[in-house]
Structures are given as structure tokens and as C-alpha cells.
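Below is one structure; the comments refer to it alone.
One is the number of the first residue; the rest follow in order along the sequence. Just so it is clear, the model here is predicted, and its values are computed rather than measured.
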Amino acid sequence: MKKLNTLVADIYDSISVLNDGTALNVSEEDIDNFGNAMKEVLRNWSHPKERSSKNNLRMSNVGRPMRQLWYDLKSEDKAQLPLDSSVFIKFLYGHILEEVVLLLVKLAGHDISAEQEEVVVDGVKGHMDCKIDGEVIDIKTASGFAFKKFRDGTLRDDDPFGYMAQLAGYEESAETNEGGFLVLNKETGELALHIPEYLDKPNIRSKITKIRNYLKFDEPPDRCYDDIPD
């Protein structure tokens, strides 16, 4: 059985044979499955679900700054602003690239399970991307600048989207604790596997309780940044 810590090296090794003009070991089943995945991506993208005006606590936002969450969840103005068309294009190629990454994992001989499995922790729901070799892995695509945080292991110092808390929630539900992020650099094609230290991830149940306690107050939490002199 392949080990998670060799994942990126195994992917690179599996496709390096292309340098010699050797065909990859891609079965007809792999090709059909990838084609079906692309069809689902296009189908879901072209038929979006209705954007709810009701903001709820979800695993995808539970790690965001407390003050931001308070405004998101307590604001009386629930109107949804229209998105730029370029954002929809970004959504499309982001989902496509995630499927490409999963294909590469399969070609490298690693086990993938629990794709898009629903998780619930203390009433907060989410959907994990997958497990690889039995550990929760969140698939990300990133710009070159953001990619460095995963490659260099500095995400814990700069995590504005709350990825660590999101991962902690998935792992709490799955009862695992050695997962992480498999990230594709959209600019270069590089891959990085970032497995955070256990103490870098928050206690997700305590965090959910803290958020709900703050939401009981009529005043927002303190700012998470200092004023900048004019």
C-alpha cells in the first residue's frame, strides 16, 4: 500500500515516463471515469443551485475571523450581489483542475475514498473532498503566491479563509488526524502536499461553541486587526 508522504513524488514518477515517449498506464475505465467527472463538472456548473440569501454556519466558513462571521451571520441585509462573469469562469476551471488532481492520484496508485462525503460536527455540515490512503485530504488550486504557504508549511501563520478549521472539522467527523492539503499551482503545474502539525489545527468543537456564544451578542466582536494611521 502506498504511503501518503510519498504522494507527490509518486505522481511525478508516474508521469515522468512521458519524457521517454512511453504511454501512461491509463485504463479505458480511468478514461471513462474522468470523462464522466468532466461531464458532471460541466453539468453542475451550467445548472447552479439557487444562491441562498440565508447565511448559515458551515464547515467552509467556520474558520473565518470571528468579526467577519458575526457580520455574515447576523447582518439584516441578506441581498446577494451579482457575481462578475469572470468569477464563474474561475469556478469552472477550479473544479476541472480538482478532477485532474484526483486522476493523477489514481494514476500514481494511491487509494481514494469518501469523495464529497457529508460530515456533521455539532450541527455544522460540510462535504470533504476525499480521503487519500485513509486520511482526509482537501484538494486546492492556488496562485503561485498562495501556493508558497502550502509548499513552505506557513499556512498556520496566514490562513484568512480558515482552511485549518475546515480540515479539523472534516477530521473530527472522520476520526482521523493526519490529513492535510494537496495543492496544485495553477501557474506552473507544481504539486505540494501540506500535512499540518496536530497543534496547528484548532479544536473544532470548542471553536463552534465559541462562535455560537459570540452570535448571541448584539455587538460584533473586536476587530481582528489594528487601525492603520492615515
Would you mind writing out the side-chain donor-acceptor pairs for residues 212-219 within the sub-3.5 Å range, not counting sequence neighbours?
unit_1: Arg212; atom_1: NH1; unit_2: Asp122; atom_2: O; d: 2.9
unit_1: Arg212; atom_1: NH2; unit_2: Asp122; atom_2: O; d: 2.9
unit_1: Asn213; atom_1: ND2; unit_2: Thr209; atom_2: O; d: 3.3

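- Panel note: side chain Ser14, backbone Ile11; a donor-acceptor pair is recorded below 3.5 Å.
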- prompt: Could you walk me through whether Met59 and Met128 pass the side-chain contact (heavy atoms from CB on, under 4.5 Å) check?
  reply: CA-CA 9 Å; Met59 209 61 73; Met128 70 171 75; over 6 Å; no
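- Atom NZ of Lys2 is surrounded by more than 12 heavy atoms from other residues, nucleotides or ligands within 6.0 Å.
- Scanning for side-chain hydrogen bond (donor to acceptor under 3.5 Å, both in side chains) contacts around Thr154 gives an empty result, with sequence neighbours left out.
- In the displayed structure, Phe161 atom CZ is contacted under 6.0 Å by at most 12 heavy atoms of other residues, nucleotides or ligands.
- Salt bridge annotation for Glu171-Lys201: present, with a cationic side-chain nitrogen under 4.0 angstrom from a carboxylate oxygen.
- Tested against Leu193 for a side chain to side chain contact (heavy atoms under 4.5 Å, CB included), the candidates Ile132, Ile137, Asn5 yield a single pass: Ile137.
- Listed for the Trp45 side chain is no donor-acceptor partner under 3.5 Å among the backbone atoms of Tyr93.
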Just list the side-chain donor-acceptor pairs under 3.5 Å for residues 103-121, sequence neighbours left out, or say none.
unit_1: His110; atom_1: ND1; unit_2: Asp133; atom_2: OD2; d: 2.6
unit_1: His110; atom_1: NE2; unit_2: Asp10; atom_2: OD2; d: 2.7

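- Figure legend: cation-pi geometry between Lys140 and Tyr163, with NZ or CZ positioned under 6.0 Å from the six-membered ring centre and within 45° of its axis.
- Between the side chain of Arg58 and the backbone N or O of Lys125, no donor-acceptor pair lies under 3.5 Å.
- Scanning all heavy atoms of the two residues, the minimum distance from Gly153 to His194 falls at CA-CE1, 3.6 Å.
- Residues satisfying the side-chain hydrogen bond (donor to acceptor under 3.5 Å, both in side chains) criterion with Lys149, sequence neighbours excluded, are absent altogether.
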Sequence neighbours excluded and cut-off under 3.5 Å, please list the side-chain donor-acceptor pairs for residues 19-27, or say none.
unit_1: Asn19; atom_1: ND2; unit_2: Ser16; atom_2: O; d: 3.4
unit_1: Ser27; atom_1: OG; unit_2: Glu29; atom_2: N; d: 3.4
unit_1: Ser27; atom_1: OG; unit_2: Asp30; atom_2: N; d: 3.0
unit_1: Ser27; atom_1: OG; unit_2: Asp30; atom_2: OD2; d: 3.1

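- Looking at Asn44, its side chain does come within 3.5 Å of a backbone N or O of Glu40 through a donor-acceptor pair.
- Side-chain atoms of Ser143 come within 3.5 Å of backbone N or O of Ala146 as a donor-acceptor pair.
- One distance of note links CD of Glu172 with CG of Leu167; it measures 11.5 Å at 0.5 Å rounding.
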Please report, to 0.1 Å, the donor-acceptor pairs under 3.5 Å made by any side chain of residues 174-191, with sequence neighbours excluded.
unit_1: Asn185; atom_1: OD1; unit_2: Glu187; atom_2: N; d: 2.8
unit_1: Asn185; atom_1: OD1; unit_2: Thr188; atom_2: N; d: 3.4
unit_1: Asn185; atom_1: ND2; unit_2: Thr188; atom_2: OG1; d: 3.3
unit_1: Glu187; atom_1: OE2; unit_2: Gly144; atom_2: N; d: 3.0
unit_1: Thr188; atom_1: OG1; unit_2: Glu190; atom_2: N; d: 3.2
unit_1: Thr188; atom_1: OG1; unit_2: Glu190; atom_2: OE2; d: 2.9

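- Across every non-hydrogen atom of Pro65 and Pro160, the tightest pair is CD-O, 3.8 Å.
- Note: Arg64 CZ to Leu73 CG = 10.0 Å, rounded to the nearest 0.5 Å.
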